[in-house]
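Everything below concerns the one structure shown next.
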Amino acid sequence: GHGSTPASRDVFVVDSPNVTYTDEEILSRYTYRTTIVSKDAASGKYVAKPKETAYEFKTDRKVPRVGMMLVGWGGNNGTTVTAGIIANQRRLVWDTREGPRAANYYGSVIMGSTMKLGTDAATMKDINIPFHDVLPMVHPNDLVIGGWDISGMNLADAMDRAAVLEPTLKAQVKKEMAQMIPLPSIYYPDFIAANQEDRADNVIPGNKASMAHVEKIRQDIRGFKAANNLDKVIVQWTANTERYADVIAGVNDTADNLLKAIEAGHEEVSPSTVFAVACILEGAPFINGSPQNTFVPGCIELAEREGAFVGGDDFKSGQTKMKSALVDFLINAGIRLTSIASYNHLGNNDGRNLSSHRQFRSKEISKSTVVDDMVDANSVLYAPGEHPDHTVVIKYMPAVGDNKRALDEYYAEIFLGGHQTISIFNVCEDSLLASPLIIDLVLVTEMMTRIKWRSTAKGEDYKGFHSVLSILSYMLKAPLTPPSTPVVNALTKQRAALTNIFRACLGLEPESDMTLEHKLF
Ligand code: NAI
Ligand code: DG6
């Protein structure tokens with residue numbers, strides 16, 4: 001493709017008969033080991049049987065030139081991630097009352113964390129490498145950024161409106177961001193709070209779904225790709241939280257019905273679903289960073305049919321990330337969590353939109369489902385169907401702006417009827433937590449477009465992963481998974497899936513943490 005750059009710095013090679021490097025690809029033969037369990041009818045006992053499946057993975061080493069288009073570009077997240085990438089590109093340093101601060105990518109798993117590669121041959125100590133160096137990934141500094149917003153404000157003014165960044169940083173990116181103007185977007189007022197109406201001065205005509213809207217969004221993606229000489233565009237919804245769309249038989253239950261409903265201008269098709277459909281048809285991966293049910297069944301079916309990638313829902317930034325770590329700890333420690341009370345108040349435009357009931361309801365659903373898998377997995381602490389009480393409250397408090405306050409009380413039953421109460425006061429600088437996730441979602445999604453697999457036994461052609469990228473779960477509150485597959489919310493498992501799938505592409509075993517080399521000698 002145009003302007004392709006060579007693979008990012010190779011900090012290691014794998015020396016294995018199962019791994020081959022060519023100029024273009026990394027080929028790996030990988031044995032996936034699982035355990036299949038059945039129940040023996042006579043004894044009533046479980047029978048656990050090890051299973052091995054041989055796969056081959058093929059990873060394209062050429063790092064493409066990638067565009068990131070954000071829906072809601074002029075919002076708090078959109079402006080913050082844009083300023084952050086520019087600051088990193090230009091290695092900016094700015095003054096704060098605590099002294100100078102330099103651009104970084106803290107909060108990004110890919111840019112800010114490491115992975116254990118293995119054990120040093122000489123010293124037997126762990127060798128850890130930056131996550132970004134595991135596979136040939138795009139660097140965020142190389143992303144070309146664009147997008148849409150129903151508010152036509154240029155990104156410099158929108159950054160001021162967001163009130164997130166230090167004035168000394170803003171001053172250095174202002175000129176460049178003033179040139180960035182969001183493309184007009186689609187606005188169907190019934191889907192977001194009525195209090196957002198005064199922002200909507202940059203809209204494509206028409207207040208319900210239409211094929212003309214789908215076409216316009218597709219043209220926008222194509223135009224952006226051509227204008228910037230891009231190999232690939234990835235689109236992400238970081239616009240307002242919408243209300244749920246009703247799932248109606250004959251309207252959005254199948255791919256064909258959804259396309260017909262768009263053509264007919266049905267009022268239950270949301271702007272985010274129209275964006276998703278446009279991206280699917282255009283072959284641009286689409287990720288939903290908000291909680292609403294953008295991916296109605298017909299939309300998922302369309303993605304599968306078109307072989308397009310989708311991911312969602314709802315960025316998991318502060319309170320919920322903490323929750324999916326803490327509940328994982330409590331329940332796996334054998335402590336019987338009995339209730340979670342989660343309050344937050346925030347004063348940004350997201351909070352304003354969520355002060356409207358139907359939009360709050362979307363968020364309440366995504367914030368409430370995040371412990372289910374951990375509870376269901378523990379039949380020692382919980383009877384079937386039994387769950388801890390879980391309450392989610394969100395209040396709009398303009399004064400605190402983007403500095404969301406999240407107050408959580410975890411109440412648990414411990415040994416012999418005792419109690420453990422954990423109270424957390426978590427100040428989540430919302431857009432500064434979400435921006436690195438936006439970057440990670442683009443980087444991992446892009447990487448997944450370059451990984452192909454086949455089953456060795458079947459000897460079939462290489463193909464891509466399933467359309468629904470559940471590998472993105474770590475970054476998302478209500479992870480979307482392929483139809484009828486389980487949702488994993490536990491943070492450690494989500495991270496393990498991400499690291500171990502990357503390792504498999506290099507023919508490396510999952511990091512088991514057994515460290516037998518330090519125990520058996
Ligand atoms: P924001 O309200 O500052 O930005 C949203 C932007 O979307 C606004 O500029 C608005 O004009 C625009 N918009 C609304 N409808 C649109 C449409 N149909 N097409 C194009 N643009 C449209 O909100 P913020 O703080 O940037 O958050 C964005 C979304 O991300 C929200 O839905 C929020 O719930 C979600 N989110 C945010 C997290 C965070 O930590 N900041 C974490 C999880 C989710
Ligand atoms: C208040 O809950 C507003 C929300 O948009 C959150 O800030 C956002 O969903 C992040 O949620 P969490 O739970 O990951 O901090």
Side-chain angles (χ1 to χ4, degrees), residues 69-81 107 147-153 155 158-159 161-164 182-189 191-193 195-204 207 213 217 235-242 270-275 287-292 294 312-324 342-355 359-360 362-364 366-368 370 392-397 400-406 408 426-438 475-478:
M69 294 186 85
L70 302 175
V71 194
W73 192 21
N76 283 28
N77 288 346
T79 54
T80 305
V81 72
W148 303 261
D149 205 294
I150 55 172
S151 159
M153 206 180 257
L155 271 264
M159 169 174 66
R161 177 177 60 185
V164 173
L183 293 160
S185 193
I186 52 178
Y187 175 51
Y188 313 155
F191 279 90
I192 60 174
N195 62 28
Q196 298 296 306
E197 202 186 334
D198 51 349
R199 274 175 99 104
D201 59 8
N202 189 39
V203 303
I204 302 166
N207 58 8
H213 284 177
I217 303 304
V235 179
Q236 207 163 156
W237 180 274
T238 179
N240 287 21
T241 296
E242 297 173 334
S270 64
S272 63
T273 299
V274 169
F275 266 96
I287 299 148
N288 177 29
S290 299
Q292 71 277 339
T294 301
D313 296 317
D314 207 7
F315 305 128
K316 178 163 64 183
S317 48
Q319 182 176 41
T320 304
K321 187 155 272 166
M322 187 70 213
K323 189 176 287 177
S324 60
S342 291
Y343 303 88
N344 13 157
H345 58 267
L346 72 169
N348 57 17
N349 188 54
D350 180 28
R352 188 158 189 254
N353 182 58
L354 294 174
S355 66
Q359 286 68 30
F360 162 72
S362 299
K363 199 59 115 178
E364 186 184 32
S366 79
K367 274 182 173 270
S368 301
V370 301
V392 171
V393 179
I394 302 175
K395 292 291 170 195
Y396 178 48
M397 188 80 78
V400 303
D402 206 64
N403 292 351
K404 182 182 72 179
R405 269 71 176 148
D408 290 277
N426 185 352
V427 181
C428 310
E429 296 194 292
D430 245 4
S431 306
L432 297 173
L433 288 171
S435 293
L437 305 188
I438 292 177
M475 278 74 80
L476 298 159
K477 278 207 265 292

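Just so you know, ligand 1 is whichever comes first in the structure, and atom 1 is the first atom listed for that ligand.
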Non-hydrogen atoms of Lys363 versus ligand 1: any pair closer than 4.0 Å? yes
Is the shortest N/O to N/O distance between Trp237 and ligand 1 below 3.5 Å? no
Could you tell me which residues satisfy ring-ring contact (aromatic ring centres under 6.0 Å, His included) with Trp73, sequence neighbours excluded, listed by chain and number? none
Checking Gln236 side chain against Ile438 main chain: does a donor-acceptor pair fall under 3.5 Å? yes
Show the protein residues that qualify under the rule heavy atom under 4.0 Å from an atom of ligand 2, listing them in chain and number order. Lys316, Ser317, Gly318, Gln319, Thr320, Asn344, Leu346, Asp350, Leu354, Lys363, Lys367, Ile394, Lys404, Asp430, Lys477
Can you name the side-chain contact (heavy atoms from CB on, under 4.5 Å) partners of Ile204, sequence neighbours left out? Pro184, Ile186, His213, Lys216, Ile217
I'd like to check which ligand 1 atoms, numbered from 1 as shown, lie under 4.0 Å from a non-hydrogen atom of Asp314. 43 (C), 44 (C)
Between the main-chain N or O of Arg352 and the side-chain N or O of Ser355, is there a donor-acceptor pair closer than 3.5 Å? yes
Element-labelled atoms of ligand 1 that are located less than 4.0 Å from some non-hydrogen atom of Ser185: 17 (C), 19 (N), 20 (C)
Show which atoms of ligand 1 fall inside a sub-4.0 Å distance from at least one heavy-atom site of Ala434. 39 (C), 40 (O), 41 (N)
Any N or O of Ala239 that comes nearer than 3.5 Å to an N or O of ligand 1? yes
With the side chain counted from C-beta on, respond yes when Lys404 and Leu433 share a heavy-atom pair under 4.5 Å apart, and no when they do not. no
Test your reading of the structure: does Ile192 have an N or O sitting under 3.5 Å from an N or O of ligand 1? no
Report the part of Phe191 in contact with ligand 1, treating N, CA, C, O as backbone and CB onward as side chain, heavy atoms under 4.0 Å; options are side chain, backbone, both, neither. neither
Is Thr238 close enough to touch ligand 1? Criterion: a residue heavy atom under 4.0 Å from a ligand atom. yes
Are the side chains of Arg405 and Val427 in touch, meaning some heavy atoms are under 4.5 Å apart? yes
Where ligand 1 meets Asn240 - atom numbers and elements under 4.0 angstrom, heavy-atom basis: 2 (O), 5 (C), 6 (C), 7 (O), 8 (C), 10 (C), 12 (C), 14 (C), 32 (O)
Under 3.5 Å between any N/O of Ile186 and any N/O of ligand 1: does that happen in this structure? yes
Which part of Ser317 is near ligand 1, with near meaning a heavy atom under 4.0 Å away: side chain, backbone, both or neither? side chain
Mark up the atoms of ligand 1 that fall under 4.0 Å of a heavy atom belonging to Gly74, in ascending order. 9 (O)
Side chains of Ser342 and Asp408: any donor to acceptor distance under 3.5 Å? yes
Pairwise side-chain contact, Gln359 with Gln292, heavy-atom cut-off 4.5 Å (strictly under): no
Is there a heavy atom of Asn353 sitting under 4.0 angstrom from any atom of ligand 1? no
Does a side chain donor of either Gln319 or Lys367 reach within less than 3.5 Å of an acceptor in the other side chain? yes
Among Asn77, Asp350, Asn76, whose side-chain hydrogen bond (donor to acceptor under 3.5 Å, both in side chains) with Thr238 holds? Asn77
Enumerated ligand 1 atoms positioned under 4.0 Å from heavy atoms of Val71: 19 (N), 20 (C)
Quick check: does any side chain N or O of Asn202 sit under 3.5 Å from a backbone N or O of Pro182, one acting as donor and the other as acceptor? yes
Heavy-atom distances under 4.0 Å are what count here, so tell me which part of Lys477 touches ligand 1: side chain, backbone, both or neither. side chain
Show me which atoms of ligand 1 lie under 4.0 Å from any heavy atom of Gly72. 6 (C), 7 (O), 12 (C), 20 (C), 21 (N)
Between ligand 1 and Gln196, is the shortest N or O to N or O distance under 3.5 Å? no
If the cut-off is 4.0 Å to any non-hydrogen atom of Ser290, which atoms of ligand 1 fall inside it? 29 (C), 30 (O), 31 (C), 32 (O), 35 (C)
Going by salt bridge (Lys or Arg N to Asp or Glu O under 4.0 Å), name the residues that satisfy it together with Lys316, two or more places apart in sequence or in a different chain. none
Contact check: Tyr187 vs ligand 1, nitrogen or oxygen atoms, below 3.5 angstrom: no
Is it true that Arg161 and Ser151 share a donor-acceptor pair across their side chains at a distance under 3.5 Å? yes
Answer yes or no for Glu242: is there a heavy-atom contact with ligand 1 below 4.0 Å? no
Looking at side-chain heavy atoms only, is the closest gap between Asp201 and Met153 below 4.5 Å? no
